[in-house]
Amino acid sequence: YSADEVIGQRVEILMPASIGVSHPQSVNQYVETGRATTVVGQIRDDIAKRKDGSEFPIQLSVSEVNDGDRRIFTGIIRDMTAIKEAERGLARQAEELRAANQTLELHTNRLTAILNTAADAIIGISERGIIEHFNAAAVKMFGYEPGDVIGQRVEILMPGSTAEAHPESLNQYVKTGRATTVVGQVRDDIAQRKDGTEFPIQLAVSEVVDGEHRTFTGIVRDMTSIKTAERELLAREQQLSEQATKLQESNTRLEWAVSEAEELAEQANSAAATKADFLATMSHEIRTPMNGVIGMTGLLLGTELDEEQSQYANAIRSSGEALLSLINDILDFSKIESGHVEFESAPFSLRDTIYEISELLSHREDVSGLDLVVRYPSHVPHQVVGDAGRLRQILLNLGSNAIKFTAAGHVVFSVDDMGERADGAHYLRVSVSDTGLGIPADRLDAIFEEFPQVDASTTRTHGGTGLGL
């Protein structure tokens, strides 16, 4: 707006509708009651409206002057959109105030009220560098009372290196009018308090020419907290950068370790495969002549032999069969380790398989004095689908163990129907139980480890490799 457009208008023309609606009532209530508000004598953030209707953030400071029966309110508005806009606004306000002053007393009262309610330090100096005004914010910032500095040179507020060069720079500007990096600019600088401590500031200097005289107004903002925050932010960024570097180094070491582990795993897998192939090959190579030994022993037992010769031949065949069983276990162990075990799925008679195993085990020499019992209820299905060879191997191992560790009593092969599943198939449980010495409770967790022995001492009664389970 131009001055002609707003002088004589209500101040609500400068406010958004949401604020302008309630403002007249608030002003009238304050004028009538004098009740304290959050506006007069305070600095507050608010919203204003331009002529084009756009809204923008402001910082508002309102002061009050009593002139007889009249009350005059002066509002200082800082456009927070940009500091330079606020600077030009302040210069315009100062010019308007000087033009509007009719008496020196009114001018002094208004100017004092405006400056003392500003949030930043406002310092006025003459063209000779003499301090002429020192507002309340400047007192708080620098530690001087107005009487201590008014009439003194402005260099009293500067550190030594800046104070020495300032008088010459000011005189040169006043004489030549040559543009500087101070007047009309916003710049970072260093100031000095009464106690001698230095602190960072943001300085904006404006100039007013009144005829042949010049006056300068400096708006000073204490940047200590902002600079501290900037340093902390830089330190935090540095810390994060160092952490990122360490993390990158850790990732590099981890990648190297993973690569090493993968290489070692590959070597281990290769070694395991080689070992498994070797075991498989050797098992096959040993089993071929062993089958010949067992076969020829069987033929020998078919000839006429005396009792001692028959006993020796039976011992040879029994030892050969035991060795062949051990070789088969080694071959299966190598297949399991190399992941080459495959299960068949074919129909077979579970009942016949159980009875065949029982019949086979009944011819063992160490079965004398034991009862081998097969418990196969009539309602349990006979025909099943699965791997008959693997089941026979498992039950032979369990049955052989049961016979080996049972001195008297019985060994029972049981088949139980555990019920029908949702798909119609039956869940069968095949178990081997005995009346032998059993396995101690503290060794049960070890029975499926490689080559376990419940009694590993050299004087144990029963032998074995531990391959069966």
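Worth saying up front: this structure is predicted, and the values here are computed from it rather than measured. We're numbering straight along the sequence, starting at 1.
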> Can you tell me how far the NE2 atom of H166 sits from the OG atom of S161, to the nearest 0.5 Å?
Replying inline: 12.5 Å
> Does any non-hydrogen side-chain atom of T228 lie less than 4.5 Å from one of S225?
Replying inline: no
> So L428 and M418, side chain to side chain contact (heavy atoms under 4.5 Å, CB included) or not? Walk me through it.
Replying inline: CA-CA 6 Å; L428 304 182; M418 304 303 293; over 6 Å; no
> Could K246 and E249 be called an ion pair, given the rule that one side-chain N must be under 4.0 Å from one carboxylate O?
Replying inline: no
>> Quick check against the 3.5 Å criterion: does Q309 have a side-chain atom that pairs as donor or acceptor with the backbone of D306?
In response: yes
> Would a 4.5 Å heavy-atom cut-off, applied to side chains only, mark V430 and L395 as touching?
Replying inline: yes
Could you pull out all donor-acceptor pairs under 3.5 Å where a side-chain atom in residues 262-272 meets a protein atom, sequence neighbours excluded?
| residue | atom | partner | partner atom | Å |
| --- | --- | --- | --- | --- |
| N269 | ND2 | A265 | O | 3.2 |

>> Restricting to side-chain contact (heavy atoms from CB on, under 4.5 Å), what partner residues turn up for Q383, sequence neighbours left out?
In response: S349
>> Return the CG to CZ distance between L391 and F348, rounded to the nearest 0.5 Å.
In response: 5.0 Å
>> So V220 and M141, do their side chains get closer than 4.5 Å, heavy atoms only?
In response: yes
> Atom CG of L157 and atom CZ of F142: how far apart are they, to the nearest 0.5 Å?
Replying inline: 5.0 Å
Without placing hydrogens or testing angles, list every side-chain donor-acceptor pair under 3.5 Å for residues 9-17, not counting sequence neighbours.
| residue | atom | partner | partner atom | Å |
| --- | --- | --- | --- | --- |
| R10 | NE | E12 | OE1 | 2.8 |
| R10 | NH2 | E12 | OE2 | 3.2 |
| E12 | OE2 | H23 | ND1 | 2.7 |

> For the atom pair CZ (R351) and OG (S378), what is the distance rounded to the nearest 0.5 Å?
Replying inline: 10.0 Å
>> Before you tell me yes or no, could you show the steps for R392 and E356 under side chain to side chain contact (heavy atoms under 4.5 Å, CB included), namely the whole-Å CA-CA distance, both residues' side-chain angles and the distance that decides it to 0.1 Å?
In response: CA-CA 9 Å; R392 183 180 291 107; E356 288 173 3; 3.6 Å; yes
> How far apart are the closest heavy atoms of G218 and L203, and which atoms are they?
Replying inline: CA-CD1, 4.4 Å
>> Tell me whether R44 is salt-bridged to D46, with the criterion being a basic N under 4.0 Å from an acidic carboxylate O.
In response: yes
> Less than 4.0 Å between a side-chain N and a carboxylate O, is that true for D79 and R50?
Replying inline: yes
> Side chains of I394 and L398: does their closest heavy-atom pair fall under 4.5 Å?
Replying inline: yes
>> Using the side-chain contact (heavy atoms from CB on, under 4.5 Å) criterion, which residues pair with E237? Sequence neighbours excluded.
In response: L233, L234
>> Holding to side chain to side chain donor-acceptor pair (under 3.5 Å), I want the full list of residues that pass it with R390, two or more places apart in sequence or in another chain.
In response: D332, Q393
> Judged by atom type as modelled, is there a donor-acceptor pair below 3.5 Å linking the side chain of T406 to the main-chain atoms of A402?
Replying inline: yes
> Pairs in or reaching into residues 371-398: which pass ring pair (Phe, Tyr, Trp, His ring centres under 6.0 Å), with residues at least two apart or in two chains?
Replying inline: Y376-H382
> Where is the tightest heavy-atom contact between L372 and L361, given as atom of each residue plus distance?
Replying inline: CD1-C, 3.9 Å
> Considering residues, nucleotides and ligands other than Q311, do more than 12 of their heavy atoms fall under 6.0 Å from its CD?
Replying inline: no
> What distance do S433 atom OG and R375 atom CZ have between them, rounded to the nearest 0.5 Å?
Replying inline: 8.5 Å
> Got V62 and T74 here, is their nearest side-chain heavy-atom distance under 4.5 Å?
Replying inline: no
> Side-chain donor-acceptor pair under 3.5 Å between Q238 and E242, yes or no?
Replying inline: yes
> For the residue pair I122 and N135, what are the closest heavy atoms and their distance?
Replying inline: N-OD1, 3.0 Å
> Minimum heavy-atom separation for I201 to A191, with atom names?
Replying inline: CG2-CB, 3.7 Å
>> Under a 4.0 Å threshold between the charged nitrogen and the carboxylate oxygen, would R429 count as salt-bridged to D417?
In response: no
> Are side-chain heavy atoms of S414 and D416 found at a separation under 4.5 Å?
Replying inline: yes
> Is there side-chain contact between M158 and Q192, with at least one heavy-atom pair below 4.5 Å?
Replying inline: no
> Would a distance-only check, ignoring hydrogens and angles, find a side-chain to backbone donor-acceptor pair under 3.5 Å from T435 to H410?
Replying inline: yes
> Within 45° of the axis and under 6.0 Å from the centre of the six-membered ring of F199, does NZ or CZ of R193 qualify?
Replying inline: yes
>> Is there a side chain to side chain contact (heavy atoms under 4.5 Å, CB included) between L60 and I76? Walk through the geometry before answering.
In response: CA-CA 6 Å; L60 175 63; I76 298 178; over 6 Å; no
>> Side chains of D188 and P200, heavy atoms from C-beta outward: is any pair under 4.5 Å?
In response: no
> Sub-3.5 Å donor-acceptor pair from the side chain of T303 to the main-chain atoms of L300, do we have one?
Replying inline: yes
> To the nearest 0.5 Å, what is the distance between CD1 (I439) and CZ (F405)?
Replying inline: 8.0 Å
> Under 3.5 Å, is there a donor-acceptor pair between the side chain of N28 and the main chain of Q25?
Replying inline: no
> Does one side chain, of E308 or Y312, offer a donor that lies under 3.5 Å from an acceptor on the other?
Replying inline: yes
>> What verdict does the side chain to side chain contact (heavy atoms under 4.5 Å, CB included) test give for H426 and V384, after you've listed the backbone C-alpha separation in whole Å, the side-chain angles of each residue and the deciding distance to 0.1 Å?
In response: CA-CA 9 Å; H426 284 260; V384 297; over 6 Å; no
>> For the backbone of Q248 and the side chain of T252, can you confirm whether one donor and one acceptor N or O come within less than 3.5 Å of each other?
In response: yes
> If you take all heavy atoms of G399 and F413, which pair is closest and at what distance?
Replying inline: CA-CZ, 3.9 Å
>> Looking at E344, I'd like to know if its CD atom is crowded, meaning that more than 12 non-hydrogen atoms belonging to other residues, nucleotides or ligands lie closer than 6.0 Å.
In response: no
> Which heavy-atom pair separates I58 from A48 by the least distance, and what is that distance?
Replying inline: CG2-CB, 3.8 Å
